[in-house]
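Lettering follows sequence order; numbering is per chain, from 1.
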Amino acid sequence: MTENPDTPFRPEARSPRGFIDKRNAQIAIERRLIETVSKVYESFGFEALQTPAFEYADALGKFLPDSDRPNVGVFALQDDDDQWMALRYDLTAPLARFAAQNWETLPKPFRRYAYGPVWRNEKPGPGRLREFMQCDADIVGSDRPEADAEVIALAVTGFKALDIPTRIRINNRKLLNGLLTSLGVIDPVQQLGVLRAIDKLDRFGLPGVELLLGAGRKDESGDFTKGAGLPSSAIQPVLDFVSAGGADTRGDVLNRLANVLANSPEGLAGVEDLGRIGTALAAMGVDEASAVFDPGIVRGLEYYTGPVFEAELLLETRDEKGNLVQFGSVGGGGRYDDLVARFTGEKTPATGFSFGVSRLAAALALVGDSHTTRARGPIVIIAFSDSDMGEYFKLAAEIRAAGMSAEVYVGRSGMKAQMKYADRRVSPAAVMLGGDELANGTVTIKDLDAGRQAALQISDNQQWREARPGQVTLPRQDAINHLKSIMNMT
RNA sequence: GCCGUCUUAGCUCACUUGGUAGAGCGCCAGAUUGUGGCUCUGGAGGUAGCUGGUUCGAAACCAGCAGACGGUACCA
């Protein structure tokens with residue numbers, strides 16, 4: 001840089017795009033989500049597991065960095081021995097690695113839950129960050145549909161415990177695979193195209209999906225998206241299949257699917273699996289509204305091999321301007337029978353579910369979640385004079401010993417600013433131990449909530465100052481009890 | 001990745017055809033020698049995203065880059 005040496009370089013204070021700072025309120029929401037969901041997971045017999053943020057890139061699967069584009073999709077870097085390491089992009093791949101590495105000694109089937117941040121190096125958007133939290137539960141080593149049902153029940157129970165209205169939509173990869181095979185659509189590229197087309201059902205509706213199944217679709221901006229190129233004879237059966245959802249009960253959907261898939265052995269096997277899942281769900285008391293069968297759910301993930309599930313948020317969320325915000329799925333999962341086999345060569349059936357913690361927290365922040373009690377600040381002890389600081393800290397220690405949080409103001413501003421500070425921290429009380437109080441063996445305590453209330457009635461400043469709403473002066477030894485009563489601890 | 005719109009004070013936004021910036025809110029202070037709100041008064045705060053070009057002169061016009069937003073693609 002050719003700058004004047006007198007002006008030092010000043011970096012712009014900013015966070016990398018797709019990465020955000022979380023303040024007290026949001027941390028509180030995320031913490032509650034993780035704690036609640038973890039308890040539910042444990043009640044279903046899942047044990048906790050923490051794996052590192054980094055994995056060797058080859059352990060993460062197909063999104064390997066190659067030498068030209070080492071950072072597509074993942075954040076990767078080379079270790080000092082030249083091996084590629086990458087930040088994990090989900091919690092499932094590390095589980096597969098862990099299970100493969102420790103398979104001999106694990107109790108099988110292995111049930112574990114995990115939570116923590118994951119990272120994806122892709123374009124961020126609203127509700128879409130490059131660092132976010134997930135909370136997963138998986139069962140490795142069971143091929144029973146009942147294991148899938150447990151994972152679904154787990155998700156339903158978790159959302160119920162959080163009191164967040166959601167619906168789990170359940171599908172099975174075998175259904176569509178079977179249908180396509182029976183229709184003679186066996187080209188994997190074409191099959192993938194069909195999955196992508198169906199995934200757009202929410203946004204473009206049946207007519208849009210029809211176009212994408214065939215030649216393709218042009219959107220409003222004139223952009224053309226190439227379709228799956230199915231023959232017209234195959235399009236209608238796929239549309240019929242997708243439309244088979246939306247019946248009143250899980251049983252009704254299965255009946256419809258059985259009709260549509262009558263010519264497909266694999267498809268009927270998939271319906272059979274769903275039937276057993278449905279039976280188990282009913283036994284576990286999962287009601288019809290909380291978990292539905294829906295052949296329109298795709299979950300683009302190529303690694304899913306059987307049942308797939310997706311959690312849909314049923315809250316209406318709006319941003320500051322009142323616009324509807326579509327949050328998409330707030331969780332999902334499914335059966336992945338080939339993931340562990342990547343390491344061991346042995347087919348190891350597994351199924352799991354993932355809570356999108358960050359996305360849920362963002363949604364709850366938008367709706368002003370009623371559970372989110374506003375984060376309260378500490379009791380603030382006003383600092384009057386340097387020579388009395390010891391008295392302030394002594395009182396702070398007493399308050400903490402009584403189970404309340406307290407803080408001595410350690411800035412250098414005057415009293416008015418200190419009161420403002422306490423107000424801004426949403427403190428329950430301010431405590432004054434000034435020269436008068438110390439001389440008289442008293443303490444003055446101001447109930448800030450009571451004052452806030454009173455302020456609404458008083459418009460005259462003189463009156464406001466004289467009333468000193470919520471404020472009392474009492475013997476020093478009564479301070480703790482009075483504070484407790486303000487905090488509703490008596 | 002592709003297409004489009006946008007970028008002026010901490011925030012939300014103004015500034016008639018290019019003549020070197022304003023408001024509201026917020027923030028700080030005072031009125032009120034030891035008291036949050038209201039009211040009034042004063043103050044701080046901007047190289048108009050960055051870089052280059054056109055011009056006597058650019059926040060405004062042009063180009064490149066960066067970032068934000070919207071759509072689309074992708075999404076483990």
Side-chain angles (χ1 to χ4, degrees), chain A residues 7 12-18 55 60-64 69 72-74 86-94 96 118-126 128 130 134 136 192 195-196 199-200 203-204 208 212 216-226 298-304 319-321 323 328-329 332-334 336 339 354 377 380 382-385 413-427 429-438 444-471 473:
Chain A
T7 60
E12 189 185 343
R14 56 186 186 142
S15 40
R17 67 200 192 98
E55 294 282 345
L60 288 180
K62 61 182 174 117
F63 289 86
L64 283 183
R69 320 188 309 165
V72 173
V74 299
L87 285 172
R88 64 186 181 205
Y89 54 74
D90 70 9
L91 296 174
T92 310
V118 301
W119 296 268
R120 295 184 187 179
N121 189 4
E122 54 191 22
K123 179 184 150 190
R128 207 180 148 103
R130 297 204 288 175
Q134 290 192 329
D136 286 29
L192 196 59
L195 286 178
R196 285 184 185 145
D199 198 27
K200 306 284 189 298
R203 276 188 290 168
F204 303 148
L212 283 170
R217 175 178 181 277
K218 194 183 282 192
D219 66 44
E220 302 79 28
S221 69
D223 229 30
F224 185 76
T225 308
K226 195 162 174 285
V298 172
R299 299 217 40 91
L301 331 184
E302 282 176 76
Y303 67 55
Y304 288 127
D319 62 19
E320 312 82 52
K321 291 169 185 162
N323 301 317
S329 85
Y336 49 99
L339 224 48
S354 174
V380 172
I382 305 292
F384 288 89
S385 89
S413 297
M415 181 166 185
K416 189 181 173 82
Q418 297 189 42
M419 293 302 296
K420 258 181 135 152
Y421 172 82
D423 191 42
R424 202 166 292 177
R425 293 292 303 276
V426 202
S427 294
V431 179
M432 283 158 270
L433 257 187
D436 296 349
E437 284 86 354
L438 287 171
T444 299
I445 294 174
K446 187 167 186 120
D447 181 334
L448 293 172
D449 285 344
R452 267 186 273 269
Q453 280 306 95
L456 303 174
Q457 327 276 322
I458 305 174
S459 59
D460 178 65
N461 179 253
Q462 185 77 16
Q463 200 186 337
W464 160 257
R465 289 172 58 75
E466 281 168 7
R468 308 231 147 133
Q471 182 170 327
T473 297

By the 4.0 Å heavy-atom rule, please label [X] as base, sugar-phosphate, or nothing.
X: A/Q463; answer: nothing
X: A/R452; answer: base
X: A/R425; answer: nothing
X: A/K226; answer: nothing

Separation of [N] [atom2] from [X] [atom1] (nearest whole Å):
X: A/K446; N: B/G36; atom1: NZ; atom2: P; result: 7 Å
X: A/L433; N: B/G34; atom1: CG; atom2: C1'; result: 13 Å
X: A/Q134; N: B/C75; atom1: CD; atom2: P; result: 17 Å
X: A/D199; N: B/C74; atom1: CG; atom2: C1'; result: 11 Å
X: A/L195; N: B/C75; atom1: CG; atom2: C1'; result: 14 Å
X: A/E437; N: B/U35; atom1: CD; atom2: C1'; result: 11 Å
X: A/M432; N: B/U35; atom1: CE; atom2: P; result: 10 Å
X: A/R130; N: B/C75; atom1: CZ; atom2: C1'; result: 15 Å

To the nearest 0.5 Å, tell me how far [X] [atom1] sits from [Y] [atom2].
X: A/R130; Y: A/W119; atom1: CZ; atom2: CH2; value: 13.5 Å
X: A/E55; Y: A/L87; atom1: CD; atom2: CG; value: 10.5 Å
X: A/L212; Y: A/F204; atom1: CG; atom2: CZ; value: 7.0 Å
X: A/L195; Y: A/K200; atom1: CG; atom2: NZ; value: 10.0 Å
X: A/I445; Y: A/Q471; atom1: CD1; atom2: CD; value: 10.0 Å

Rounded distance in Å between the [atom1] positions of [N] and [M]:
N: B/G10; M: B/G45; atom1: P; answer: 11 Å
N: B/A60; M: B/G19; atom1: P; answer: 11 Å
N: B/G37; M: B/U5; atom1: P; answer: 46 Å
N: B/C2; M: B/A48; atom1: C1'; answer: 30 Å
N: B/A59; M: B/G52; atom1: P; answer: 14 Å
N: B/C56; M: B/G24; atom1: P; answer: 39 Å
N: B/G46; M: B/A21; atom1: P; answer: 14 Å
N: B/C11; M: B/G26; atom1: P; answer: 15 Å

Please write out the pairs of protein N or O atoms and N or O atoms of nucleotides 37-42 of chain B separated by less than 3.5 Å, giving the distance to one decimal.
unit_1	atom_1	unit_2	atom_2	d
B/G37	N7	A/W464	NE1	2.6
B/G37	O6	A/N461	ND2	2.3
B/G37	N2	A/I458	O	2.4
B/G37	N2	A/S459	O	3.4
B/C38	O2	A/S459	O	3.3
B/C38	N4	A/N461	ND2	2.9

I would like to know whether A/V380 and A/Q418 meet side chain to side chain contact (heavy atoms under 4.5 Å, CB included); could you show each step before the answer? CA-CA 9 Å; A/V380 172; A/Q418 297 189 42; 5.7 Å; no

Is the phosphate of B/C74, meaning OP1 or OP2, less than 4.0 Å from a side-chain N or O of A/R120?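 For B/C74, OP1/OP2 do not have a side-chain N/O of A/R120 under 4.0 Å.
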
State which residues pass ring-ring contact (aromatic ring centres under 6.0 Å, His included) with A/Y421; sequence neighbours excluded, sorted by chain then number.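 Per chain and number, A/Y421 pairs via ring-ring contact (aromatic ring centres under 6.0 Å, His included) with A/Y409.
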
Could you list the residues that satisfy salt bridge (Lys or Arg N to Asp or Glu O under 4.0 Å) with A/E437, not counting sequence neighbours?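 Scan of A/E437 (salt bridge (Lys or Arg N to Asp or Glu O under 4.0 Å), adjacent residues dropped) gives none.
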
Considering residues at least two apart in sequence or located in another chain, which fulfil the salt bridge (Lys or Arg N to Asp or Glu O under 4.0 Å) criterion with A/R465?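 Partners of A/R465 under the salt bridge (Lys or Arg N to Asp or Glu O under 4.0 Å) test: none.
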
Is there a side chain to side chain contact (heavy atoms under 4.5 Å, CB included) between A/T92 and A/D136? Walk through the geometry before answering. CA-CA 8 Å; A/T92 310; A/D136 286 29; 3.7 Å; yes

Side-chain donor/acceptor of A/Q471 to base of B/U35, under 3.5 Å: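 Between B/U35 and A/Q471, which were checked side chain against base, a qualifying N/O pair under 3.5 Å is present.
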
Please confirm whether A/R299 makes a cation-pi placement over A/Y304, using NZ or CZ under 6.0 Å from the six-membered ring centre and within 45° of the ring normal.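 Ring-cation test returns no.
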
Stems involving RNA chain B: give each as a range paired with a range, ordered by first number, where a stem means at least three consecutive Watson-Crick or G-U wobble pairs under 3.5 Å.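 Only these stems qualify: B:1-7 with B:66-72, B:10-13 with B:22-25, B:27-31 with B:39-43, B:49-53 with B:61-65.
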
Candidate nucleotides B/U72, B/C74, B/G34, ranked by approach to the side chain of A/K200 - the nearest: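 Closest of the options to the side chain of A/K200: B/C74.
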
Both A/S413 and A/T444 contact RNA chain B. Taking the nearest nucleotide for each, which residue is further toward the 5' end?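 Mapping each residue to its closest nucleotide by heavy atoms, the 5'-most match is A/S413.
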
Starting at the 5' end of RNA chain B, which residue's closest nucleotide do you reach first, A/D449 or A/A417?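 Residue closer to the 5' terminus by nearest nucleotide: A/A417.
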
Is A/V74 close to A/Y89 at the side-chain level, that is, under 4.5 Å between some pair of heavy atoms?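 Yes. Closest side-chain heavy atoms under 4.5 Å.
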
Non-hydrogen side-chain atoms of A/M432 and A/M415 separated by less than 4.5 Å: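 In contact.
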
Atom pairs under 3.5 Å, N or O on each side, protein against nucleotides 24-26 of chain B: can you list them with distances?
none

State whether A/R452 and A/D423 are salt-bridged, where the test is any N-O pair (Lys NZ or Arg NE/NH1/NH2 against Asp/Glu carboxylate O) under 4.0 Å.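 Looking at A/R452 and A/D423, the cut-off is met.
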
